[in-house]
Amino acid sequence: MSLSNYRKEFPILSEKIHLGNCSQAPQSIPVLNAMDEYFQNWRKIGMDWDYWMTGVEQAKASFAKLIHAEVDEIAVVSCVSDAVTSIASTFPWQNRKKVITTEAEFPSVGHVWNSFAKKGLVDLAFISSDDGLYSPEQLDELLNEDTALVSLHHVGYYNGAKQDVKAFAKKAHEHGAKLFVDAYQSLGTCDINVKELDIDMLASGNLKYLLGIPGVAFLYVKRELAEQIEPAMTGWFGRVNPFYFDATHLDFAEGAKRFNTGTPPVIAAFAARGGMDFLLDVRMDRIEKRVLELSQFTLDGANKRGLEIASPLDTLKKGASTAIRVGDAHKVESYLAENQVIGSARADVIRLAPHFFTEEHEIDRALDLVVESLKQ
Ligand SMILES: Cc1ncc(COP(=O)(O)O)c(C=O)c1O
């Protein structure tokens with residue numbers, strides 16, 4: 001099926017241009033259907049925990065497939081902040097408690113590290129960059145035998161700069177440190193192979209390019225690493241046998257399962273499975289190719305119109321979103337919305353974030369409206 005044929009799966013596309021995928025993807029029929037499976041079952045059966053937990057397991061399996069991991073390397077959490085808190089709660093790692101991260105992390109990730117640093121559980125160091133692109137060499141002066149972890153986003157939320165995570169993994173590993181990747185702004189637009197990239201831990205929520213809804217996120221922890229660390233942030237689903245029911249006894253399940261906490265977000269997990277299976281069905285190699293084309297088209301269109309591009313100009317160094325510096329970005333976002341176009345403001349930039357179902361004329365229309373808005 002050609003990519004444009006999938007547009008009918010997103011009802012809103014007949015009324016609006018949706019370029020807000022870096023914030024929330026449009027509602028799709030496969031995701032609605034997946035949620036409806038839960039609602040119908042709840043209405044008819046009343047209580048069916050086995051079925052609901054199977055749905056959550058299937059969502060984990062879909063996430064595992066997307067990142068080329070094993071299902072027992074995936075835990076289910078509620079948001080990326082929870083995933084990072086869970087990791088931070090495993091500290092210190094023997095004599096290592098230093099975390100090196102960037103100033104361009106999504107704030108909630110940075111805030112978690114800051115909060116653990118404030119309690120003395122983590123030693124924190126930041127690296128910075130003017131254009132949002134980071135190089136592993138920036139770690140050289142900071143990496144030492146105290147360093148436990150490098151915490152890095154794959155694609156930046158602000159200007160979409162894409163980091164060379166494989167090079168960061170290599171650098172971290174040379175010093176005995178591990179790499180955690182926040183893949184929220186990239187997963188769903190490109191093929192990520194955690195084994196090839198040698199990533200130790202990775203998290204993403206599902207409401208952006210993975211087409212899901214808020215309330216669920218997944219955490220990958222490489223099997224060998226999971227066995228060595230125990231999270232203080234825990235709950236009965238992190239136990240070897242959650243149904244052992246002895247509040248005085250604490251053990252940790254094998255693999256990433258130990259990072260599960262309490263009752264999982266079932267509806268959101270059903271929606272997440274619907275979105276991820278939809279993408280796997282379309283095929284990530286096709287999606288990646290199309291997103292790259294649209295990324296180049298947006299850069300060229302912005303350039304042609306004399307707009308100031310805040311994103312890297314090389315499509316291989318950026319994610320799907322293109323950030324245009326406009327000053328009052330919320331004014332531009334509102335102007336687009338009045339004209340049935342969804343864009344996403346962050347600080348002084350408006351982000352136009354296509355997905356595989358976007359068409360070129362939609363990007364042209366959005367860029368024309370940005371120009372119009374700036375003239376007002
Ligand atoms: C890169 C990135 N990480 C994390 C988040 C959000 O984290 P959380 O799931 O904790 O809300 C976002 C955006 O919402 C993001 O763009």
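In each ligand, atom 1 is the first atom listed, and ligand 1 is the first ligand listed.
At the shortest separation from atom 14 (O) of ligand 1 among protein heavy atoms lies K208 NZ, 2.9 Å. Nearest non-hydrogen protein atom to atom 15 (C) of ligand 1 is F106 CD1, 3.4 Å. Protein heavy atom at the shortest distance from atom 16 (O) of ligand 1 is Q185 NE2, 2.8 Å. Scanning the protein for heavy atoms near atom 8 (P) of ligand 1, the closest one is V80 N, 3.6 Å. S81 OG, 2.4 Å is the protein heavy atom nearest to atom 10 (O) of ligand 1.
Ring pair F270/Y51 is tilted by interplanar angle, where 30° to 60° counts as tilted. Note: F278 and F356 have perpendicular aromatic rings, judged against thresholds of 30 and 60 degrees for the angle between ring planes. A tilted orientation is assigned to the rings of F91 and W93, their planes being inclined by 30° to 60°.
Between F259 and F218, the ring center distance fails the sub-6.0 Å criterion. Between Y209 and H355, the ring center distance clears the sub-6.0 Å criterion. Aromatic rings from W236 and F243 are positioned such that their centres are separated by under 6.0 Å. Aromatic pair F106/Y157: ring centres closer than 6.0 Å.
For the 3.5 Å distance criterion, the side chains of N144 and T147 qualify, holding a donor opposite an acceptor.
Residue-ligand proximity: H153 is placed with every non-hydrogen atom at 4.0 Å or more from ligand 1. In this structure, E105 falls outside the shell of residues with a heavy atom less than 4.0 angstrom from ligand 1. By the 4.0 Å heavy-atom criterion, D182 is counted among the residues contacting ligand 1. At least one heavy atom of S108 sits less than 4.0 Å from an atom of ligand 1.
Checked against a 3.5 angstrom limit, the closest N/O atoms of Y157 and ligand 1 fall outside it.
The contact set between ligand 1 and C79, taken as ligand atoms under 4.0 Å from a residue heavy atom, comprises 8 (P), 9 (O), 10 (O).
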